[in-house]
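Let me begin by presenting the structure, written as structure tokens, before commenting on it.
Values below: every heavy atom of this structure, side chains too, minus hydrogens, waters and symmetry copies. Just so we're clear, the structure is a prediction, and the values are computed from it rather than from any experiment.
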Amino acid sequence: MTHDAGAIERLRRRATYASVSVALALIIAKLGAYLITESVSILSSLIDSSTDLLASLVTLLAVRHALKPPDLMHRYGHGKAEALAALAQAAFISGSALFLSIEAVRRLIYPEPISQGGVGIAVMVLSIVLTFGLITFQRHVVARTGSIAIGADRLHYAGDLLMNSAVIAALLLTMLTGVAAIDPLAGLAIAAFLLHGARGVARQALAVLMDRELEGAERDRIAAMVLAHDGALGLHDLRTRSTGTGIFIEFHLEVDPLISVVQAHDIADAIERTLVGAFPSCEVLIHQEPAGLQDERLDNRIGALR
């Protein structure tokens, strides 16, 4: 393992430990606040933090598994464990939103006053401070590692910042106006926000699990880097996919049919080094073939489907 790879692995692990620690601390604080205030808004935040803890534990285990090197039965590695963890997070978030919606509707039908709202506000401010610190660290980790599971976790916690602010606003309005309906209505709004976030996380995870191609701009960048090399006369059948911890790049490289196998190999090696320099977490597979060869091509099959 290289020094950079070891540093990236440590960053991933630290991010998961930080996420679990923050979620556990917030659950304890919010549980105490809910027992004192009986606020639906705080209950919504407590449910979300409980989901955060479960999702963070799943992320921790998934990241550990994803970082395992390729083995006899998993020659592409274990990176998709991160996408599975992100999909599980989406399910957890959706379940908590459903539970919250049921409780909020019950409170709309049977309103209950909020007591000790100041305690709830203090706890939510603490939550905002801790969550902001966590997502700042997670943003750094995602930028360095590209981890989809930690990225999903960060998106969830970033949403928590907005949610916690909404809870504070609901508590203040309820205390100032005495209108009990404000609190459960805020809970319903938060539930809708959670479902929206779950949809985004699920789409990102499914993109990895279904081997979705990289964005068009990235594919164009790869093609341009390949064709910039001397000896690269063309390329076709470019295929890319994300593994959750890295990306795979595969293509057919067209070279002069009169050069030797060794020369063609040297050209491919130079191109591979360039791509790995631009995409440090990538693995590159290049099939070399003589330029002008007319054969069955994936590009043609895909083009015929358009």
Side-chain angles (χ1 to χ4, degrees), residues 7-8 10-34 36-37 39-60 62-63 82 85-86 89-90 92-93 96-97 100 116-175 183 186-187 189-201 204:
I8 287 174
R10 287 192 295 274
L11 271 177
R12 274 194 168 102
R13 293 184 187 278
R14 288 172 183 170
T16 58
Y17 297 149
S19 180
V20 170
S21 299
V22 168
L24 186 58
L26 293 180
I27 285 173
I28 294 172
K30 291 176 182 178
L31 177 60
Y34 173 67
I36 293 172
T37 65
S39 163
V40 174
S41 296
I42 291 180
L43 174 62
S44 68
S45 190
L46 172 60
I47 292 171
D48 187 58
S49 290
S50 300
T51 305
D52 287 345
L53 177 60
L54 185 56
S56 295
L57 286 171
V58 171
T59 300
L60 188 154
V63 166
E82 289 207 7
Q89 285 194 38
F92 296 151
I93 296 168
S96 64
L100 175 58
Q116 300 294 324
V119 174
I121 292 173
V123 169
M124 299 315 299
V125 170
L126 172 65
S127 177
I128 288 174
V129 172
L130 291 178
T131 303
F132 181 78
L134 176 63
I135 64 172
T136 300
F137 178 54
Q138 287 178 323
R139 184 183 297 114
H140 168 69
V141 173
V142 171
R144 286 287 307 278
T145 69
S147 170
I148 184 175
I150 295 172
D153 214 29
R154 181 185 68 82
L155 287 173
H156 191 192
Y157 279 105
D160 287 353
L161 284 181
L162 295 176
M163 186 179 69
N164 293 333
S165 299
V167 171
I168 291 175
L171 289 172
L172 284 173
L173 285 173
T174 302
M175 290 167 61
D183 184 50
I190 292 167
F193 179 81
L194 289 174
L195 285 173
H196 176 73
R199 178 174 176 270
V201 170
Q204 186 180 15

Checking [X] now: which residues fulfil side chain to side chain contact (heavy atoms under 4.5 Å, CB included) with it, not counting sequence neighbours?
| X | answer |
| --- | --- |
| S50 | I27, L46 |
| L172 | I121, I168 |
| L24 | L53 |
| V22 | L26, L130, L134 |

Which residues share a side-chain hydrogen bond (donor to acceptor under 3.5 Å, both in side chains) with T16, sequence neighbours left out: none
Contacts of type side-chain hydrogen bond (donor to acceptor under 3.5 Å, both in side chains), residue R13, not counting sequence neighbours: E9
Residue pairs fulfilling side-chain hydrogen bond (donor to acceptor under 3.5 Å, both in side chains) with at least one residue in residues 132-141, sequence neighbours excluded: Q138-D153
Over 12 non-hydrogen atoms of neighbours within 6.0 angstrom of CZ in F132: no
Considering all heavy atoms, the nearest A23-S49 contact: CB-O, 4.1 Å
Nearest heavy-atom neighbours spanning V123 and A33: CG2-CB, 3.7 Å
